[in-house]
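Written below as structure tokens is the structure these notes are about.
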Number of protein chains: 2
Amino acid sequence: MSPPRPRQSKFKDVADSLREKIRSGALAPGEQLPSTKHLALAHGVSEETIRLVVKELKDSGDVVAAWGKGVFVRRPRQLVTREPQFRYPWEKARARLSEKERATSGVSEYDTGRPRDHFDFPASYHQIEADAALAARFSTQQGTALLQRLYRTTVRDEDHPIALIKSYLLYEMASQNPELLDETREPWPGGTMHQLWTVGVEIDRIVDEVATRAPTPEEADALGLATHMAVFVLEKTSFSTQDTVVEYSEVVLPGDRTRLRYTVQLERWAEE
Amino acid sequence: MSPPRPRQSKFKDVADSLREKIRSGALAPGEQLPSTKHLALAHGVSEETIRLVVKELKDSGDVVAAWGKGVFVRRPRQLVTREPQFRYPWEKARARLSEKERATSGVSEYDTGRPRDHFDFPASYHQIEADAALAARFSTQQGTALLQRLYRTTVRDEDHPIALIKSYLLYEMASQNPELLDETREPWPGGTMHQLWTVGVEIDRIVDEVATRAPTPEEADALGLATHMAVFVLEKTSFSTQDTVVEYSEVVLPGDRTRLRYTVQLERWAEE
DNA sequence: GAGTGGTCTAGACCACTGT
DNA sequence: CAGTGGTCTAGACCACTCC
């Protein structure tokens, strides 16, 4: 299973050497690597071996290849810290402000500190039937009608969104306010918290479940990730004050630029 | 950058076909794949191409190769859900129990539900000097003496630990109780919360910062991960009731078997 | 021994970018 | 056109397993 060779493989020698140069900054971000031919000669290996090493570096996100031009060191991206314990209460407080106040900003501005007009929020709505997993989330029957809403939070001057979101509402609940079924009303000032309020729902708590995995090819493409960079999958379940699940969403976040922060406050020990 | 070919590459054809068979269960966990030769003939491609596809499946964790024997579908591992908002308060409450009570169980049992004697807790202590990053965490000077403690939480009947932990204490603080400098006293009944209590420290809150990335080769090896499976990196900062940082640890968790769950409780809206 | 996976290469051929 | 990366193959050679 592990490398049976006593000595390092040539492949690994070259890969480690290049990675070292990149990590140390000897090859700076944006800089072009020597061509496949040069590298092959320099390391005394075949071009095919170089090709395989470069493929690995590409897939792991260290390097970006441009067709017919060359291979370049990837530039790191700006970090976005997502802090749900501040964000969710802030959203909830905003939901009952006037439309004018709600319109001034949204959660993406909250996360990134950029003004609202730097964002696009393409949204598309679909009526679907709950599969087993979704039905379990909502404690309902398989086949129950749900409103699926797809979003991608996009910064205008960037190439890739900072999140891919699938949000689900019970169709019956959402249809109590027909405007909630209309995707052209997005972006909705005040967001989901306000939308739910229009049908009489107040959120009591939100449960975040966080997993990590490799992106699907579609996710990697959409988020600008190499195929072997990780994503967070944040499964967010919102409970109403009646203790029922009123929204469930799956948020896919690019692992190279996202951090999550949660604070656990502890009770003081009683004096002895 | 993207595949320039109009048609799918043979590589991708074969990779997708095999992945499909695995994901759908047509090739069940533990089952052996046909040999390289067979696959090459069956798909009408060269053995080398098959080799590359199998390497990819191996690296992504779909498949495990056994030297001289064959290639087998990987068996999924049992999930461990880590819920800090329950775990940390539980640890804090336990820290002031009698030694006898503390000795009965620990956090790993809490996470996994397995009895204490199923675990090993190899620990090693080292005195180190804070680098820039660590100094910033503790709001202290670079070069300050720290006690670095390395743990790996291991289940006896499993091959791999469920976490790799690097924990840091201020050396000066820890040395107030010489027993805290002695790695042979691990596992310490009541854990770090009790250890800190012996030097007069009570924890007020803990901040978890979660990132995700590919494992280092060492981490992949230790945690039994394929090279392209993701890990969580949980940076855990403990603040004392005096609002100073008293412990900082980096916990590396295997992404294929770990979930994190956090609940955000919201305040009720005031009646209108 | 025969069967398995693993490393590496030479070289044919394709496709895009520049000048 | 020359220079770049990208796909694929045939085949030599190595190392481990099981009989």
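As the structure is a prediction and not an experimental result, all values here were calculated from the model. In what follows, chains carry the letters A, B, and so on, assigned in the order in which the sequence lines appear, proteins first and then strands, with residues in each chain numbered from 1.
Listed by first then second residue, pairs satisfying salt bridge (Lys or Arg N to Asp or Glu O under 4.0 Å) with a partner in residues 65-78 of chain B read B:Arg77-B:Asp256, not counting sequence neighbours.
A heavy atom lying under 4.0 Å from DNA chain C marks the following residues of residues 41-55 of chain A, by number: A:Gly44, A:Val45, A:Ser46, A:Glu48, A:Thr49. Using a 4.0 Å cut-off on heavy atoms, none of the residues of residues 27-39 of chain B approach DNA chain D.
Residues satisfying the salt bridge (Lys or Arg N to Asp or Glu O under 4.0 Å) test with A:Arg213, not counting sequence neighbours, are A:Glu219. B:His160 is linked by a side-chain hydrogen bond (donor to acceptor under 3.5 Å, both in side chains) to nothing, counting only residues two or more places apart in sequence or in another chain. Listed by chain and residue number, A:Arg137, A:Val207, A:Glu235, B:Arg259, B:Arg261 satisfy the side chain to side chain contact (heavy atoms under 4.5 Å, CB included) test with A:Glu209 (two or more places apart in sequence, or in another chain). Every residue meeting the salt bridge (Lys or Arg N to Asp or Glu O under 4.0 Å) condition with A:Asp16, not counting sequence neighbours, appears here in chain and number order: A:Lys12. Among residues two or more places apart in sequence or in another chain, the side chain to side chain contact (heavy atoms under 4.5 Å, CB included) test is passed with B:Thr227 by B:Asp59. Looking at residues two or more places apart in sequence or on another chain, you find no ring pair (Phe, Tyr, Trp, His ring centres under 6.0 Å) involving A:Phe11. With sequence neighbours left out, A:Arg23 forms a salt bridge (Lys or Arg N to Asp or Glu O under 4.0 Å) with A:Asp62. Checked against side chain to side chain contact (heavy atoms under 4.5 Å, CB included), A:Ala133 has the following partners two or more places apart in sequence or in another chain: A:Asp131.
Residue B:Lys10 contributes atom NZ, which lies 19 Å from atom P of D:dG6 at whole-angstrom precision. Rounded to an integer number of Å, the gap from CG of A:Asp59 to P of D:dG6 is 10 Å. In this structure, CG of A:Asp13 is placed 13 Å from P of C:dT7, rounded to the nearest angstrom.
In this structure, a donor-acceptor pair under 3.5 Å is present between the side chains of A:Arg149 and A:Thr192.
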Which atom pairs link the protein and nucleotides 17-19 of chain D when you take only N or O atoms and keep those under 3.5 Å?
{"from": "D:dC18", "atom 1": "OP1", "to": "B:Lys69", "atom 2": "NZ", "distance (Å)": "3.4"}

